[in-house]
Amino acid sequence: MNIKEEESFRDRVATIDESGKRKWIFAYKPSGKFYNARSILSIFYLILFFGLPLIKYKGEPFLLLNILERKFVVFGFVFWSQDFYLFGITMILFVVFIIVFTVAFGRLFCGWACPQTVFMEMVFRRIEYWIEGDANKQVLLNKMPWNFEKLRKRGLKLVVFYLVAFLIGNTFLTYIIGFDQWLSIITDSIGLHIKGLIAMMVFSGVFFFIYTWFREQVCTVVCPYGRLQGVLMDKHSVVVAYDYVRGEPRGKHKKNEDHSNLGDCVDCGLCVRVCPTGIDIRHGTQLECVHCTACIDACDSIMEKVDKPSGLIRYASEATIAENQPFKITARLKAYIAVLLILLTIWLSILVTRTTVDMEVRKVAGQLYQKRPENKVSNLYNLMILNKSHKEFAHLHVKPISHPSAELEFVGTNGMDLKSPLGKPAQYTFFVVVPLKDLEHRKNTIELGLYDGDRLIETVKTNLIAPLK
């Protein structure tokens with residue numbers, strides 16, 4: 001095979017043939033230490049995914065991403081639309097973390113923790129093996145005419161696939177609207193939750209389509225992460241790699257023949273047949289590779305049979321394979337880590353200093369001061385209270401702190417039980433009335449406190465204007 005033919009694989013996606021048609025992947029069932037480790041991790045992952053919506057903290061879901069109401073709960077901390085800047089910083093932090101992780105370890109996340117890979121390989125693919133058998137039986141079933149056996153197996157698979165997709169879609173929906181509201185949708189009258197039921201069916205249908213038909217194309221065609229590899233990774237990045245120094249030239253190892261001119265690769269092709277995206281890892285790093293380690297387990301099993309050391313395909317960097325260099329943290333990786341730590345410090349500082357209630361007091365525009373009887377003066381203010389916590393306050397009121405003799409007169413309310421709707425600003429107007437004898441300057445600073453009963457929640461300082469004495 002000439003160099004041009006060897007490199008032709010880079011001109012097309014592995015799951016699409018030369019005519020542009022879809023090449024269906026019938027992946028062999030993997031087995032080995034990495035597959036076992038991924039299975040254990042997937043069990044933990046699935047328990048966490050399906051169980052997390054049931055967990056509550058201080059009456060709120062432990063994790064909620066309610067885009068409709070612009071309410072987000074992360075590990076018990078409530079965030080509203082006013083905290084969107086924190087969401088922006090979090091997204092930047094996540095992107096930088098992905099960059100750091102990819103520079104060091106390639107697409108390790110894709111193979112071990114990505115929801116698409118976990119559900120496809122550890123749930124739906126296993127159901128397929130259970131109903132239709134291993135890859136060879138699936139190929140035979142695919143070529144079989146539509147008889148009773150094919151209808152039974154394909155029908156059963158589609159029914160089970162939809163039930164699992166329905167479960168995933170509903171769980172996904174609980175992360176958006178919360179478990180209690182989801183429970184209302186399925187227990188109340190259908191007419192009360194038409195939109196919720198439509199969303200439930202849409203989510204289920206999307207997941208059913210992805211795992212029944214679209215499958216690995218989510219990773220190879222839609223997901224942009226694979227394309228970032230070429231930009232982010234270098235020769236020191238640890239990836240699932242074929243040791244071509246040890247393996248080439250590849251060839252069949254026959255008994256009673258001299259193999260001294262051959263490498264350790266016996267060219268069995270098992271690494272290709274177990275790959276869920278249909279690539280040949282021996283061609284080098286490719287955007288379709290999700291680092292699922294199926295090829296490592298397959299190759300190790302063959303090496304054991306031919307009495308060769310394992311690790312012909314393994315986690316390694318190009319520098320390790322070509323130059324026998326150990327893994328090292330490069331200057332570029334150090335720079336990325338430094339940026340990540342700086343962003344993390346900023347994010348934690350903002351998170352720690354963030355208050356659950358915002359209070360803003362501003363003088364009404366165009367108003368100076370008002371003279372009152374008994375030698376008093378007043379200023380008119382607008383008050384805004386934003387409750388970003390997980391509950392409303394029972395006895396919310398404002399009291400002067402710096403000037404105990406001051407009185408507060410609210411317009412339209414008594415000011416002793418102010419309302420604090422969750423995530424929405426509450427607006428009030430009030431006068432601050434102070435005896436002139438307690439004011440030393442024309443422009444004075446007055447401090448006000450927001451209380452829930454006797455508990456001080458927030459303080460704010462504002463200016464109070466008085467006439468010249």
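Side chains included, hydrogens not; waters and symmetry mates left out as well; all remaining heavy atoms used.
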- Message: Checking the side chain of S237 only, and the main-chain atoms of V103 only, is there a donor and an acceptor separated by less than 3.5 Å?
- Response: yes

- Item | Plane angle bin for W24 and F26 - parallel if under 30°, tilted between 30 and 60°, otherwise perpendicular | tilted

- Query: Taking the six-membered ring for Trp, are F49 and Y175 ring centroids under 6.0 Å apart?
  - Reply: yes

- Look at the side chain of D297 and the backbone N and O of Y35, then say whether any donor-acceptor pair between them is shorter than 3.5 Å. yes

- Item | Polar side-chain atom of D134 near backbone of K29 as donor-acceptor pair, under 3.5 Å | yes

- What residues, two or more places apart in sequence or in another chain, satisfy side-chain hydrogen bond (donor to acceptor under 3.5 Å, both in side chains) together with K56? D180

- Note on the structure: All heavy atoms of A294 vs all of P30, minimum pair found to be CB-CB, 4.0 Å

- Message: Minimum heavy-atom separation for T117 and G111, please, with both atom names.
- Response: CG2-O, 3.8 Å

- Task: Mind checking the CG-CZ spacing from L312 to R246? Nearest 0.5 Å is all I need.
- Result: 5.0 Å

- Centres of the F119 and F124 rings: under 6.0 Å? no

- Task: Might you confirm whether atom CG of N324 has over 12 heavy atoms from other residues, nucleotides or ligands at distances under 6.0 Å?
- Result: no

- Please name the pair of heavy atoms, one in L396 and one in S420, separated by the smallest distance, quoted to 0.1 Å. CD2-CB, 3.7 Å

- Query: Roughly how far, to the nearest 0.5 Å, is SG of C299 from CD1 of I281?
  - Reply: 10.5 Å

- After noting the C-alpha distance and the side-chain angles of L141 and M144, does the key distance pass the side-chain contact (heavy atoms from CB on, under 4.5 Å) rule? CA-CA 5 Å; L141 184 68; M144 183 185 299; 4.1 Å; yes

- Item | Reported CG-to-CE distance for the pair L41 and M122, which is rounded to 0.5 angstrom | 8.5 Å

- Task: Show your reasoning for whether side-chain contact (heavy atoms from CB on, under 4.5 Å) applies to F393 and Y451.
- Result: CA-CA 9 Å; F393 297 96; Y451 291 81; over 6 Å; no

- Item | Side-chain heavy-atom pair L108, W112 within 4.5 angstrom cut-off | yes

- Item | Closest contact, heavy atoms only, L46 versus V118 | CD2-CG1, 4.2 Å

- Would C114 and V290 count as a side-chain contact (heavy atoms from CB on, under 4.5 Å) if you check the C-alpha gap in whole Å, the side-chain angles of each, and the deciding distance to 0.1 Å? CA-CA 10 Å; C114 177; V290 294; over 6 Å; no

- Message: Testing the 3.5 Å rule here: is there a donor-acceptor pair between the side chains of R314 and T320?
- Response: no

- Evaluate the ring planes of Y57 and F62, with Trp represented by its six-membered ring, and classify them as parallel (under 30°), tilted (30 to 60°) or perpendicular (over 60°). perpendicular

- Could you tell me whether the side chain of D300 and the main chain of G311 form a donor-acceptor pair under 3.5 Å? yes

- Between D452 and H395, is there a donor-acceptor pair closer than 3.5 Å when you use the side chain of the first and the backbone of the second? yes

- Item | Residue pair L163 / L167, side-chain heavy-atom distance below 4.5 Å | no

- Do side-chain atoms of T220 reach the backbone of E288 as a donor and acceptor pair under 3.5 angstrom? no

- Query: Just wondering, do Y244 and E318 contact through their side chains at under 4.5 Å, heavy atoms?
  - Reply: yes

- Taking atom CZ of R362 as the centre, does the number of heavy atoms from other residues, nucleotides or ligands within less than 6.0 Å exceed 12? no

- Task: Could you go through the side-chain hydrogen bond (donor to acceptor under 3.5 Å, both in side chains) check for E248 and Y242 one step at a time?
- Result: CA-CA 10 Å; E248 300 294 323; Y242 165 66; 2.7 Å; yes

- Quick one: are L418 and L383 in side-chain contact, heavy atoms under 4.5 Å? yes

- Note: E132-K137 ion pair, threshold 4.0 Å (strictly below): no

- Item | Side chain to side chain, R215 and R125, heavy atoms closer than 4.5 Å | yes

- Query: With respect to D264, which candidate in R282, K308, R250 satisfies the salt bridge (Lys or Arg N to Asp or Glu O under 4.0 Å) definition?
  - Reply: K308

- More than 12 heavy atoms from other groups under 6.0 Å of OH on Y85: yes

- May I ask you to test the I177-I185 pair for a side-chain heavy-atom distance under 4.5 Å? yes

- Task: Taking the side chain as every heavy atom from C-beta outward, state whether F327 and H236 have any pair of such atoms under 4.5 Å apart.
- Result: no

- So, for P276 and C292, which heavy atoms are closest and what is the spacing to 0.1 Å? CD-SG, 3.6 Å

- Decide yes or no for Y162 and T212: does some side-chain heavy atom of the first lie under 4.5 Å from some side-chain heavy atom of the second? no

- Task: Would you confirm whether Q286, through its side chain, and D280, through its main-chain N or O, come within 3.5 Å as a donor-acceptor pair?
- Result: yes

- Chi angles and distances behind the side-chain contact (heavy atoms from CB on, under 4.5 Å) call for F166, N170: CA-CA 6 Å; F166 184 78; N170 278 262; 3.4 Å; yes

- Is there a donor-acceptor contact under 3.5 Å from the side chain of K388 to the main chain of F79? no

Run the side-chain donor-acceptor check on residues 331-345: report pairs under 3.5 Å with partners two or more places apart or on a different chain.
residue: R332; atom: NH1; partner: L232; partner atom: O; Å: 3.1
residue: R332; atom: NH2; partner: L232; partner atom: O; Å: 2.4
residue: R332; atom: NH2; partner: D234; partner atom: OD2; Å: 3.3
residue: T345; atom: OG1; partner: L341; partner atom: O; Å: 2.8

- One should read off an interatomic distance between Q116 CD and C219 SG, to the nearest 0.5 angstrom, of 5.0 Å

- Query: Looking only at heavy atoms, what is the nearest atom pair of V73 and P61, with distance?
  - Reply: CG1-O, 2.9 Å

- Task: Look only at the side chain of Y315 and the backbone of T293, and say whether a donor-acceptor pair between them is shorter than 3.5 Å.
- Result: no

- Counting only heavy atoms not in K21, do more than 12 fall under 6.0 Å of its NZ? no

- Item | Flag, side chain of R107 to backbone of L287, donor-acceptor distance under 3.5 Å | yes

- Task: Answer yes or no: does atom CZ of F94 have more than 12 heavy-atom neighbours from other residues, nucleotides or ligands under 6.0 Å?
- Result: no

- Task: Kindly compute the distance separating CG (L197) from NZ (K195), expressed to the nearest 0.5 Å.
- Result: 13.0 Å

- F109 and Y225 aromatic ring geometry - parallel, tilted or perpendicular at 30°/60° bounds: perpendicular

- Message: Could you check whether E323 pairs with K235 (Lys NZ or Arg NE/NH1/NH2 to Asp/Glu carboxylate O, under 4.0 Å)?
- Response: yes

- Query: Between CG of D188 and CD1 of I190, what distance do you get to the nearest 0.5 Å?
  - Reply: 11.0 Å

